[in-house]
> 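The structure that follows is given in the form of structure tokens.
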2 protein chains.
Amino acid sequence: MSPAQLNGSCRLGKEVCIDCKVRFMSICSALEAHELPEFDVLIQRANFAPRAALFAQDQPADAVYNLTEGVVRLYKLLPDGRRQIIGFALPGDFLGLAMAERYGFSADAVDTVSACRLAREEFAHYLDAKPHLLRRLHEYTTHELSLAQDQMVLLGRRNAEEKVATFLVNWRDRWARLTGKAVTVPLPMSRQDIADFLGLTIETVSRTFSRLGKDKTILIVPDGIRVLDPQRMERLAAA
Amino acid sequence: MSPAQLNGSCRLGKEVCIDCKVRFMSICSALEAHELPEFDVLIQRANFAPRAALFAQDQPADAVYNLTEGVVRLYKLLPDGRRQIIGFALPGDFLGLAMAERYGFSADAVDTVSACRLAREEFAHYLDAKPHLLRRLHEYTTHELSLAQDQMVLLGRRNAEEKVATFLVNWRDRWARLTGKAVTVPLPMSRQDIADFLGLTIETVSRTFSRLGKDKTILIVPDGIRVLDPQRMERLAAA
DNA sequence: ACCGCTTGATGATATAGATCAAAGCCGTCG
DNA sequence: CGACGGCTTTGATCTATATCATCAAGCGGT
């Protein structure tokens with residue numbers, strides 16, 4: 001189904017996929033390196049071209065993914081095709097952690113994406129034997145829930161300008177945490193993606209960018225945006 | 001701060017607060033009764049009058065609550081007073097599980113509320129010693145996250161009629177799971193609460209109820225609503 | 001029975017954002 | 001090179017929902 005290209009694989013704690021291991025560890029700092037060899041968890045490296053699906057809503061949830069490269073959009077569709085993007089995943093993020101029989105949303109690659117793929121069953125067993133990892137994962141899920149609640153406020157009670165500003169500020173901060181402060185923050189997703197994330201139309205997003213540009217609040221450059229007036233941006237995105 | 005009335009308390013596994021224990025167990029069915037006495041967790045019984053606050057956003061998060069009676073609204077406020085209700089809690093639900101230093105939202109009683117109050121520190125330690133309980137809690141949080149994602153779709157992409165219908169269907173189902181199928185589903189929260197949950201105004205909620213009433217889709221009675229045309233309701237609330 | 005207060009329903013009007021339409025801007029492919 | 005197709009921007013309307021204003025009903029207190 002998915003046009004993914006799987007290459008390389010390793011067992012957690014048995015070298016080979018150093019990158020997977022490092023990423024895995026970064027989430028689960030409670031586990032020391034010497035603890036890992038106790039268990040075998042098959043990790044596959046999966047690569048995805050732009051627009052390729054990692055998985056789709058209602059498919060059997062076979063696997064858990066840990067992103068290592070690229071940006072993934074997570075979304076739900078209504079029967080008539082209306083789309084709500086519920087989040088963008090960046091390297092380090094986990095996907096498909098719900099541990100339900102089927103995925104609750106679809107995930108596809110915005111740009112070129114690499115991820116570590118862990119079989120759900122195997123991962124669940126590993127988890128049973130590693131309460132520290134479960135604790136870390138619970139904290140992660142709890143954080144996701146808190147972000148989801150912020151997004152509810154945004155979708156329910158903020159106007160277009162506030163929505164766009166809040167999105168830009170949050171995205172800029174996440175990007176900075178990942179790559180260090182950059183002057184220009186890239187926006188790899190399309191305007192349609194941003195619109196579907198913010199509960200707006202593409203036209204409203206475009207106009208709002210333009211207005212913020214004319215205001216000298218931001219500067220739109222070909223490969224992203226620059227925040228010129230952080231004060232005003234923070235004010236629009238406040239609380 | 002809170003006008004709560006604390007009465008009675010018990011230690012988990014040392015009789016007294018049978019109700020707390022039963023509720024606690026219902027969440028954590030993986031723990032057998034004979035496992036409980038191993039640990040002491042102080043549980044206080046807290047009662048709240050209608051409109052009383054259980055806790056407020058940004059307060060130090062001292063405690064975890066497990067609702068035993070009544071309905072609680074959970075909400076976030078923007079600096080200018082706009083409110084988004086992020087959920088309604090019913091008996092059995094946990095509040096303040098985020099385990100952050102401060103509460104991420106406010107919670108107050110819609111009607112008369114009773115809850116079991118567990119000190120956060122103590123609960124966290126208990127959790128460390130009980131991986132099964134942590135697992136249950138992780139499943140619970142994961143379910144909450146999934147509901148939050150559904151709510152994002154509702155807020156971002158559904159119109160007023162769909163929002164109201166979806167709310168009624170979901171509320172009816174939750175109520176039924178708790179009390180068994182009832183002809184009339186009570187709506188203990190105000191129209192303003194419903195509006196702030198659905199990202200609408202009180203007037204739009206009121207008009208939408210009226211229209212669904214004129215349609216014979218629902219029947220509005222003094223103490224709640226009756227669904228007359230489940231087909232149409234399900235269609236409006238679909239996916 | 002009357003008052004003051006709150007909540008909900010409904011009508012009139014305003015507006016933010018949606019929808020519809022067209023035109024610019026690249027990248028790419030023949 | 002030029003034509004094509006996907007995005008994005010911009011402009012002109014339209015409309016769903018917000019806003020504002022009444023009004024009626026319920027309710028507790030006197």
Side-chain angles (χ1 to χ4, degrees), chain A residues 49-51 71 73 78 80-85 108-112 154-168 186-215 218-225 236, chain B residues 49-51 71 73 78 80-85 110-111 154-168 186-215 217-225 236:
Chain A
R51 332 199 78 248
V71 179
R73 62 175 162 247
L78 291 177
D80 64 358
R82 280 173 288 174
R83 182 178 70 153
Q84 178 68 38
I85 291 191
D108 51 45
V110 168
D111 50 9
T112 301
L154 180 145
L155 290 167
R157 287 296 180 230
R158 298 180 106 108
N159 64 29
E161 191 173 44
E162 293 170 326
K163 284 177 176 181
V164 169
T166 305
F167 167 70
L168 288 176
L187 292 177
M189 71 292 287
S190 69
R191 301 300 150 123
Q192 187 62 66
D193 288 337
I194 297 175
D196 286 347
F197 184 54
L198 301 179
L200 297 171
T201 59
I202 182 174
E203 293 94 334
T204 300
V205 171
S206 181
R207 280 185 239 277
T208 306
F209 271 122
S210 299
R211 237 174 295 127
L212 290 173
K214 290 203 185 82
D215 280 346
I218 63 174
L219 180 68
I220 297 127
V221 288
D223 52 341
I225 59 109
L236 286 169
Chain B
R51 328 198 84 244
V71 179
R73 62 174 161 248
L78 290 177
D80 64 358
R82 280 173 288 175
R83 182 178 71 153
Q84 178 66 39
I85 291 190
V110 168
D111 50 9
L154 180 144
L155 291 168
R157 287 295 180 231
R158 300 181 104 109
N159 63 30
E161 191 174 43
E162 293 170 327
K163 285 177 176 182
V164 169
T166 305
F167 166 70
L168 288 177
L187 291 178
M189 72 291 289
S190 69
R191 303 297 149 123
Q192 186 62 66
D193 288 337
I194 298 174
D196 286 347
F197 184 54
L198 301 179
L200 297 171
T201 58
I202 183 174
E203 292 93 336
T204 300
V205 171
S206 180
R207 281 184 235 279
T208 306
F209 272 122
S210 298
R211 236 173 296 127
L212 290 173
K214 291 205 184 81
D215 280 346
T217 307
I218 64 174
L219 180 68
I220 298 128
V221 288
D223 53 339
I225 60 110
L236 286 170

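These numbers come from the heavy atoms of this one structure, side chains and all, not from hydrogens, waters or symmetry mates. Lettering of chains follows the sequences in order, A, B, ..., and the numbering in each one begins at 1.
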> Determine yes or no for a side-chain-to-main-chain donor-acceptor pair under 3.5 angstrom, with B/Asp111 supplying the side chain and B/Val71 the backbone.
yes
> Main chain of B/Ser206, side chain of B/Ser210: is a donor-acceptor contact present, judged purely on distance under 3.5 Å?
yes
> Quickly work out the A/Arg82 CZ to D/dA16 P distance and round it to whole Å.
13 Å
> Whether the side chain of B/Arg157 engages the backbone of A/Leu200 through a donor-acceptor N/O pair (distance < 3.5 Å, no angle test) should be reported.
yes
> Where is the tightest heavy-atom contact between A/Gln84 and A/Phe197, given as atom of each residue plus distance?
NE2-O, 3.1 Å
> Rounded to the Å, how far apart are A/Arg207 CZ and D/dC7 C1'?
15 Å
> Nearest-nucleotide wise, let me know which of A/Arg157 and A/Lys214 is further upstream toward the 5' end of DNA chain D.
A/Lys214
> Determine, stepwise, if the pair B/Phe209 / B/Leu168 fulfils side-chain contact (heavy atoms from CB on, under 4.5 Å).
CA-CA 10 Å; B/Phe209 272 122; B/Leu168 288 177; 3.7 Å; yes
> Please examine the side chains of A/Arg158 and B/Leu78, heavy atoms only from C-beta on, and report whether any two atoms are closer than 4.5 Å.
yes
> A/Phe209 has an atom CZ; how far is it from atom P of D/dT9, in whole Å?
8 Å
> Within residues 188-205 of chain B, find the residues that approach DNA chain C with a heavy atom at under 4.0 Å, and present them sorted by residue number.
B/Ser190, B/Arg191, B/Glu203
> With the threshold set at 4.0 Å, does a side-chain nitrogen-carboxylate oxygen contact exist between A/Arg73 and A/Asp108?
yes
> Taking CZ from A/Arg211 and C1' from D/dT9, how many angstroms apart are they, rounded to a whole number?
13 Å
> What is the 5' to 3' range of DNA chain C, first to last nucleotide, that sits under 4.0 Å from any heavy atom of chain B?
C/dG8 to C/dA12
> D/dT17 C1' sits how many Å from B/Lys163 NZ, rounded?
9 Å
> Give me the one residue out of B/Val110, B/Ile225, B/Ile220 that meets side-chain contact (heavy atoms from CB on, under 4.5 Å) with B/Leu187.
B/Ile225
